[in-house]
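This report refers to the structure that appears directly beneath it.
Values below: every heavy atom of this structure, side chains too, minus hydrogens, waters and symmetry copies. Small disclaimer: the values here were computed from a predicted structure and weren't measured. In listed order, ligands and their atoms are each counted from 1.
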Amino acid sequence: MNVPDIIIAIDGFSATGKSTLAKLIAKEFDFVYLDSGALYRGVTLLAQEAGLIDEGNNIDLPALRSLLDSGVDFHFTLSPDGNLLFTGERCIEKEIRSLKVSSQVSPIAAVPFVRAFVDNLLHEFGRRGRVVMDGRDIGTAVFPDAQVKLFVTASPEVRAQRRFDEMVAKGENPTMEEVRKNLEERDYIDSHRETNPLRRADDAFVMDNSDMTLHEEIVWTRGFLMGRFGILE
Ligand code: DC
């Protein structure tokens, strides 16, 4: 199917399956997939490694600003498992998905200069076009003119189970309670922060995938794109 060279913005709460949907869309319609959350996670990992955030989530803001100003290099490399995030030569894909990073990423992502740093990178990637990007503020703030905006939701139980299964598959050993608590905390911080909080863009279409299979999601998206762009197969 011939989808034009547009930007597709996918937003929603944590663990609603945004990245899974974005990857499916990229594969099905030959788009480049960009995971904006990975960049916030990358900044969080570097901040933790440099000792710039303590257990109470107090952040050494001047030091974090210097770290980002010193020219942190983030880039994605395509692999059969999807895009992998690198900083310089080092692949940090596994570390950024840990519960340790998940537990502190939302406070880091609420810092305005961190958002400006990530937004710059996203705009650079997005300039190439034909991109599907997922996050919390892609349709509202990063690409408000995106031609297609989806807002993905799922029930809290389904989300917690999905995130739990994903972490176990990656060799982590969380309890369901830890996963649920992390999701609740991130939902709250992500939707209540001052700078570009998570919200549905007025022109975003809602997909509740609690009871949908991946196949149904892609059939839904295909139908949506056909209608939106008047595509006849
Ligand atoms: O999608 P994710 O769970 O990997 O995102 C990790 C965190 O990054 C999320 O809790 C909030 C933040 N984030 C954001 O604030 N804005 C985005 N566009 C993407 C992610």
Side-chain angles (χ1 to χ4, degrees), residues 7-23 26 33-48 53 57 59 64 68 74 76 82-85 92-126 131-144 146 149-154 156 158-160 162-167 170 172 174 178-201 204 209:
I7 290 181
I8 301 179
I10 303 182
D11 290 305
F13 288 103
S14 304
T16 46
K18 301 181 301 291
S19 66
T20 306
L21 175 63
K23 282 179 207 161
Y33 165 56
L34 274 175
D35 172 0
S36 67
L39 296 168
Y40 289 104
R41 289 170 176 273
V43 173
T44 305
L45 177 70
L46 297 189
Q48 287 174 337
I53 177 164
N57 292 343
I59 305 168
L64 181 59
L68 297 183
F74 282 130
F76 290 98
N83 289 351
L84 305 178
L85 184 64
I92 53 172
E93 191 58 36
K94 187 158 190 285
E95 291 96 319
I96 63 171
R97 307 290 163 193
S98 67
L99 194 54
K100 181 164 186 234
V101 166
S102 298
S103 67
Q104 294 197 306
V105 62
S106 286
I108 292 275
V111 177
F113 68 78
V114 171
R115 302 204 69 78
F117 170 84
V118 170
D119 282 1
N120 263 340
L121 291 174
L122 296 177
H123 281 134
E124 207 147 290
F125 293 130
V131 163
V132 52
M133 206 177 273
D134 79 315
R136 305 292 186 290
D137 62 344
I138 306 302
T140 51
V142 183
F143 289 108
K149 299 181 188 178
L150 302 178
F151 191 84
V152 185
T153 67
V158 168
R159 293 166 56 204
R162 281 182 188 156
R163 185 49 53 92
F164 180 84
D165 293 345
E166 199 178 281
M167 295 181 74
K170 282 182 182 158
E172 289 213 34
E178 279 173 326
V179 172
R180 205 173 288 137
K181 191 158 167 276
N182 174 253
L183 289 180
E184 271 170 22
E185 280 170 6
R186 284 166 62 198
D187 284 358
Y188 185 84
I189 300 175
D190 294 347
S191 51
H192 287 82
R193 66 175 175 236
E194 246 169 64
T195 314
N196 300 337
L198 167 66
R199 65 172 185 83
R200 182 178 77 79
N209 63 19

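- Looking only at heavy atoms of the protein, atom 4 (O) of ligand 1 is closest to R41 NE, 2.7 Å.
- Taking 4.5 Å as the limit, some side-chain heavy atom of L64 sits within range of a side-chain heavy atom of I108.
- Residue contacts with ligand 1: Y40 is placed with no nitrogen or oxygen under 3.5 Å of a nitrogen or oxygen of the ligand (distance criterion only).
- Smallest separation of non-hydrogen atoms from G135 and S36: CA-OG, 3.3 Å.
- No option in V131, L21, I138, V132 other than V132 meets the side-chain contact (heavy atoms from CB on, under 4.5 Å) test with I8.
- Residue contact check: S106 has heavy atoms under 4.0 Å from atoms 10 (O) of ligand 1.
- Remark: F113 CZ is packed, more than 12 non-hydrogen atoms of other residues, nucleotides or ligands lying under 6.0 Å away.
- Residues M167 and E178 have side chains not in contact (no heavy-atom distance under 4.5 Å, counting atoms from C-beta outward).
- Looking at D190 and F13, their side chains never come closer than 4.5 Å, going by heavy atoms from C-beta outward.
- With respect to atom 19 (C) of ligand 1, the closest heavy atom belonging to the protein is S36 OG, 3.2 Å.
- With a 4.0 Å cut-off on non-hydrogen atoms, R193 touches ligand 1 through its side chain and not its backbone.
- Looking from atom 2 (P) of ligand 1 to the surrounding protein, the closest heavy atom is R136 NH2, 3.5 Å.
- Taking every heavy atom of A109 and a limit of under 4.0 angstrom, the matching atoms of ligand 1 come to 12 (C), 15 (O).
- The protein atom (non-hydrogen) at minimum distance from atom 16 (N) of ligand 1 is R115 NH2, 3.0 Å.
- Near D137, the atoms of ligand 1 lying under 4.0 angstrom from a non-hydrogen atom of the residue are 16 (N), 17 (C), 18 (N).
- Among T16, I96, D190, the residue whose heavy atom lies closest to atom 11 (C) of ligand 1 is D190.
- Against a heavy-atom cut-off of under 4.0 Å, R186 is close to the following atoms of ligand 1: 2 (P), 3 (O), 5 (O), 6 (C), 9 (C), 10 (O).
- The two residues N83 and E93 have their closest heavy-atom pair at O-OE1, 3.6 Å.
- Salt-bridge check for R163 with D187: failed, with every basic side-chain N at 4.0 Å or more from each acidic carboxylate O.
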